[in-house]
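Letters A, B, ... are given to chains in the order of the sequence lines, protein chains preceding strands, and every chain is numbered from 1.
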2 protein chains.
Amino acid sequence: MAPSLANVQRRTNADDVFDFLHDRIVSLKLLPGTRISEVEIARQFGVSRQPVREAFIRLANIDLLLVRPQRATEIRRFSSEKIKRSRFIRMAVECEILRRACRNATSLHHRRLNRDLESQSRAIRNRDVKRFHALDYDFHRHLCDAGDSAYMFSTIAENKALVDRLCVLSLAEPAAMDELYDDHRRIVDELENRDEASLIAAITEHLSRLDSVIAGIRKSHADFFED
Amino acid sequence: MAPSLANVQRRTNADDVFDFLHDRIVSLKLLPGTRISEVEIARQFGVSRQPVREAFIRLANIDLLLVRPQRATEIRRFSSEKIKRSRFIRMAVECEILRRACRNATSLHHRRLNRDLESQSRAIRNRDVKRFHALDYDFHRHLCDAGDSAYMFSTIAENKALVDRLCVLSLAEPAAMDELYDDHRRIVDELENRDEASLIAAITEHLSRLDSVIAGIRKSHADFFED
DNA sequence: TTGTGTATACTTGTATACTAGTATTGCACA
DNA sequence: TGTGCAATACTAGTATACAAGTATACACAA
């Protein structure tokens, strides 16, 4: 269905620059510490400094750029404290969602989650990392649905994306797809059993897998971190 | 101790405009739906449109302004979904903090929390709402400390502030100071008893008090809300 | 060869002007 | 008196130029 014209937001040059830089920063094509300038990007896009300046401001507001007067702007380094906080939020929110799912999930939710596992299994057999990654997001979205908290998926996704960006550094899935699948399988099983204590233990263990990965990245890429 | 000059961030005109507008929006001196323009604010501050434009962009990024091309900028209305999400995060995070506090809190933490309660009691006797409000923040910060999660206080404060802004509309403490004090008393008691189930029930009830207040505000000030 | 000082090139912050889209107001006609 | 259209005034987006602070490079002296 075509959106109402009144609701269509017009794209601006600033939007284009923002999306371009955001993608490059998040995919680590622009590494933390790299310096860029308004003039350089303006030239690259064939626009004036103003829309570039707006994009820089927006990226600075989400902690992706460090803009200081009269100095070259820098791609921000990772903040250990911000990662820690993000991990805490992810854990706390997802645990609460699963507590609710434990009480409220219906057979429809269970069926859908089981279908998710089948899709994941196929992606593993096909060694399709990208597909598995997308299915991972779907799975957690469906867990939000099962916990009657669909509106919380944006929080989960946002915090997950922050760590996903970090994991690009190790150029490997933070845990083998098999491990993740096993965790997901266990979560679905405990949910079906309506065993809250085991469910919480399962999701906690699942999310904790990344702790050692992040610690390892912090050691091997110390210069990408603020201190 | 004077901060290192290298670390002092220079204040810009944009910073001044941002702080001014932020304060007025958050304290509801500028009501949701009100229209402002870059030119108008620039004139008021005796600056050009550019620093005002930067402040507008920053405020838009934290959902306080709605900026659309060629239309007057609006103070954003409250988003029910955003409030819901914020409440969820607040609940999930604070419950997790208290679970940790239940395990880790020391007698030093307990002493400090009891001192907090004494200060709150004094503020109540003095009918000092403002003081009590500040002590409320202190109390929750000390709970974070007790849960070995000091770094999470910023998340608590941020989500709390969002709802505090809403409560300005009812021009009354969302729950009488007495009620809040009783809740805080109960939380400290259950923490000292290391009774996790009762502690979680206490904090959940404490945080849920605002649900009916928010629902009431939504009815009496429907035009301040997005639909 | 090293250290210091100065000049230049770099950067962002801000001012001003122009463009294009949207809203409001006023006038004319039925 | 009501409606429709056109004109005007309003708005944000963008371009360009200037100012001021910072970094780098080069030259000179010890």
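Counting only residues at least two apart or on different chains, no side chain to side chain donor-acceptor pair (under 3.5 Å) pair has a member in residues 20-35 of chain A.
Atom C1' of nucleotide D/dA23 and atom CZ of A/Arg68 are separated by 12 Å, given to the nearest angstrom. Here the C1' atom of nucleotide D/dG13 and the CD atom of B/Glu54 are 16 Å apart, to the nearest Å. Rounded to whole Å, atom C1' of D/dA12 lies 13 Å from atom CG of B/Leu65. Taking atom CG of residue B/Asn13 and atom C1' of nucleotide C/dT14, one finds them 8 Å apart after rounding to whole Å. Distance CG (A/Asp15) to P (D/dA12): 16 Å, rounded to an integer number of Å.
Cation-pi geometry between B/Arg77 and B/Phe225 is not satisfied (NZ or CZ under 6.0 Å from the ring centre, within 45° of the ring normal). For A/Arg85 and B/Tyr151, the positive end is not near the middle of the six-membered ring at less than 6.0 Å and at most 45° from its axis.
Of all the residues in residues 30-47 of chain A, A/Ile36, A/Ser37, A/Glu38 reach under 4.0 Å from DNA chain C with at least one non-hydrogen atom.
Listed pair B/Arg53 / D/dG13 meets the phosphate criterion, a side-chain N or O lying under 4.0 Å from OP1 or OP2. Within the 4.0 Å cut-off from OP1 or OP2 of C/dT12, at least one side-chain nitrogen or oxygen of A/Thr73 is found. Residue B/Arg71 places at least one side-chain N or O under 4.0 Å from the OP1 or OP2 atom of C/dA23.
In this structure B/Arg112 satisfies the salt bridge (Lys or Arg N to Asp or Glu O under 4.0 Å) test together with B/Asp145, sequence neighbours excluded. A/Ser208 meets the side-chain contact (heavy atoms from CB on, under 4.5 Å) test with A/Met91, A/Thr204, A/Asp211; sequence neighbours excluded.
Between D/dA12, D/dT11, C/dT14, one nucleotide has an atom nearer to the side chain of B/Ala72 than all others, and that is D/dT11. Among D/dT14, D/dG13, C/dT12, the nucleotide with an atom closest to any side-chain atom of B/Pro69 is D/dG13. For A/Arg10, the side-chain atoms get nearest to C/dG21 when compared with the rest of C/dG21, D/dT14, C/dG13.
Residue-to-nucleotide contacts include no donor-acceptor pair under 3.5 Å from the side chain of B/Gln70 to the base of C/dT22.
Counting heavy atoms of neighbouring residues, nucleotides and ligands inside a 6.0 Å radius, atom CZ of B/Arg127 does not exceed 12 of them.
Direction change of the helix axis from one end of the helix from C/dT1-D/dA30 to C/dA30-D/dT1 to the other is 0°, with five pairs defining each end axis (rounded to 10°).
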Close N/O contacts between protein and nucleotides 16-18 of chain D (under 3.5 Å):
residue	atom	partner	partner atom	Å
D/dT16	O4	A/Gln50	OE1	3.3

Check your understanding: Where do A/Arg58 and A/Asp15 land on the salt bridge (charged side-chain N to carboxylate O under 4.0 Å, His left out) test, with the steps shown first?
Key -> CA-CA 10 Å; A/Arg58 287 161 58 187; A/Asp15 290 333; 3.0 Å; yes

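When all heavy atoms of B/Ile62 and B/Lys82 are compared, the pair lying nearest together is O-NZ, 3.9 Å.
Remark: B/Glu96 CD to A/Ile89 CD1 distance equals 12.0 Å, nearest 0.5 Å.
By the 30° and 60° cut-offs, the orientation of the rings of B/His184 relative to B/His140 is perpendicular.
One side chain, A/Asp164 or A/His133, offers a donor N or O that lies under 3.5 Å from an acceptor on the other. With 3.5 Å as the limit, one finds a donor-acceptor pair spanning the side chains of B/Arg10 and A/Gln70.
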